[in-house]
Number of protein chains: 2
Amino acid sequence: MAGRKSKRDEPCPVARGVDLVGERWALLIVRDAFDGVRRFGDFQRSLGVARNILADRLRLLVEDGILACQPASDGSAYQEYVLTAKGQDLFPLIVALRRWGELHLFAPGEAHSVLVRRDSGETLGARELALRTADGRELSAAELQVRKVPGRAPR
Amino acid sequence: MAGRKSKRDEPCPVARGVDLVGERWALLIVRDAFDGVRRFGDFQRSLGVARNILADRLRLLVEDGILACQPASDGSAYQEYVLTAKGQDLFPLIVALRRWGELHLFAPGEAHSVLVRRDSGETLGARELALRTADGRELSAAELQVRKVPGRAPR
DNA sequence: CCGTATCCATTCCGATACTG
DNA sequence: CAGTATCGGAATGGATACGG
């Protein structure tokens with residue numbers, strides 16, 4: 001008579017998204033995957049998560065098409081986990097979370113990891129990581145609004 | 001000897017962010033707040049969450065400085081919950097999640113809520129909701145990289 | 001209408017032992 | 001090294017009753 005309620009059928013993309021990646025480990029695993037981590041043990045050491053939990057989360061992410069499970073790349077007889085196209089599309093989400101964290105979750109001057117350009121090494125701070133229209137103007141919450149699906153029950 | 005481990009001291013802004021808003025209800029409450037929801041009962045009906053859980057999450061979000069608890073705006077003798085500046089800065093995160101959901105979590109042609117411009121009513125689809133540099137070019141994962149904090153134990 | 005308090009089931013998580 | 005199995009404790013979530 002308890003337990004979580006699935007939002008897989010909600011008409012709001014945010015709600016469905018939370019259902020898949022709104023869990024404490026999912027986004028951190030994806031973050032590590034963007035960082036180049038592929039092996040079970042490397043995820044485990046990087047995250048400090050219990051192995052059973054990690055195995056379960058990896059399985060779920062593969063089920064949801066966010067990670068793919070490949071036989072191996074080096075000689076190892078084991079699996080490696082890489083981002084699918086769907087998983088790679090989570091990049092802006094990770095960046096948005098990073099930006100918010102940089103802005104609000106560190107004391108002034110406190111050190112944190114940063115995004116840099118792979119070629120030039122140039123650091124991208126919060127200013128450069130904004131949500132913009134094609135003409136480079138920042139999108140603000142004030143000018144936007146959600147239009148709900150008409151023919152749906154309110155809940 | 002179990003329970004969750006806090007990531008409040010991690011040097012990665014993503015990890016710290018997950019610690020605050022990486023929970024099943026937090027982002028949905030924030031989403032509703034962007035939608036103009038302010039009252040306890042309205043959150044409750046919109047989310048379908050148990051009242052004790054909602055009260056707890058609202059309290060946490062206020063503690064974390066994401067929501068502010070104001071005495072009232074109409075005559076009601078009760079509270080209302082509005083986004084602080086820190087909370088409003090979560091907008092790009094919500095949008096990124098929405099974009100990903102729109103792209104990957106709906107069947108072709110399936111209806112979902114959309115973002116529209118408040119003035120013109122123009123719909124903003126996934127194409128318009130990208131992460132861009134100031135000159136309007138999309139930022140891709142391939143060209144970026146995370147530089148970790150040097151003087152930290154790998155954990 | 002707005003919350004708080006309590007109860008119970010389920011889920012989550014960490015530690016550890018175990019198998020290949 | 002890469003997982004699986006199991007256990008106990010903690011957190012989560014839903015229902016409901018209660019008081020302001």
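Hydrogens, waters and symmetry mates play no part in the numbers below; they use all other heavy atoms, side chains included. Chain letters run A, B, ... following the sequence lines, proteins first and then strands; every chain starts at 1.
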Subject >> Pairwise side-chain contact, L28(A) with K7(B), heavy-atom cut-off 4.5 Å (strictly under) >> reply: yes
Original post:
Hey, is R59(A) close enough to D56(A) for a salt bridge, meaning N to O under 4.0 Å?
Top reply: yes
Original post:
If you take atom types as modelled and just measure distance, does the side chain of R51(B) reach the base of dG3(C) with a donor-acceptor pair under 3.5 Å?
Top reply: yes
Subject >> Separation of atom CG in D56(A) from atom C1' in dA5(D), rounded to whole Å >> reply: 13 Å
Original post:
Rounded to the Å, how far apart are R45(B) CZ and dC1(C) C1'?
Top reply: 9 Å
Original post:
For residues 23-30 of chain B, which residues have at least one heavy atom under 4.0 Å from DNA chain D?
Top reply: E23(B), R24(B), W25(B)
Subject >> Nearest non-hydrogen partners of K5(B) and D19(B), listed with the distance >> reply: O-OD1, 4.4 Å
Original post:
Is there a side-chain contact between E143(B) and R137(B), using heavy atoms and a 4.5 Å cut-off?
Top reply: yes
**OP:** Would you classify Q44(A) as touching base, sugar-phosphate or nothing, given that sugar-phosphate means primed atoms plus P, OP1 and OP2, and contacts are heavy atoms under 4.0 Å?
**Re:** nothing
Original post:
Want to settle it: does I53(A) or G41(B) sit nearer the 5' end of DNA chain C, counting the closest nucleotide to each?
Top reply: G41(B)
Original post:
Closer than 4.0 Å, any side-chain N/O of Y81(A) to the OP1 or OP2 of dA2(D)?
Top reply: no
Original post:
V114(B): which other cluster members, linking ILVMFWY side chains closer than 4.5 Å, directly or transitively?
Top reply: V116(B)
Original post:
Axis-to-axis angle across the helix from dG3(C)-dC18(D) to dG20(C)-dC1(D), five pairs an end, to 10 degrees?
Top reply: 30°
**OP:** Record whether the side chain of N52(B) comes under 3.5 Å of the base of dG14(D) through a donor-acceptor pair of N or O atoms.
**Re:** yes
Original post:
Is any side-chain N or O of R4(B) closer than 4.0 Å to OP1 or OP2 of dA10(D)?
Top reply: no
Subject >> Distance below 4.0 Å between R57(A) side-chain N/O and dC13(C) OP1 or OP2 >> reply: yes
Subject >> Straight-line distance of L90(B) CG to W100(A) CH2, nearest 0.5 Å >> reply: 5.0 Å
**OP:** Kindly compute the distance separating CG (L47(B)) from CD (E10(A)), expressed to the nearest 0.5 Å.
**Re:** 8.5 Å
Subject >> Least distance between heavy atoms, I29(A) atom then F43(A) atom >> reply: O-CE2, 3.5 Å
**OP:** Determine whether R57(B) and E23(B) make a side-chain contact, defined as any pair of heavy atoms from C-beta on separated by less than 4.5 Å.
**Re:** yes
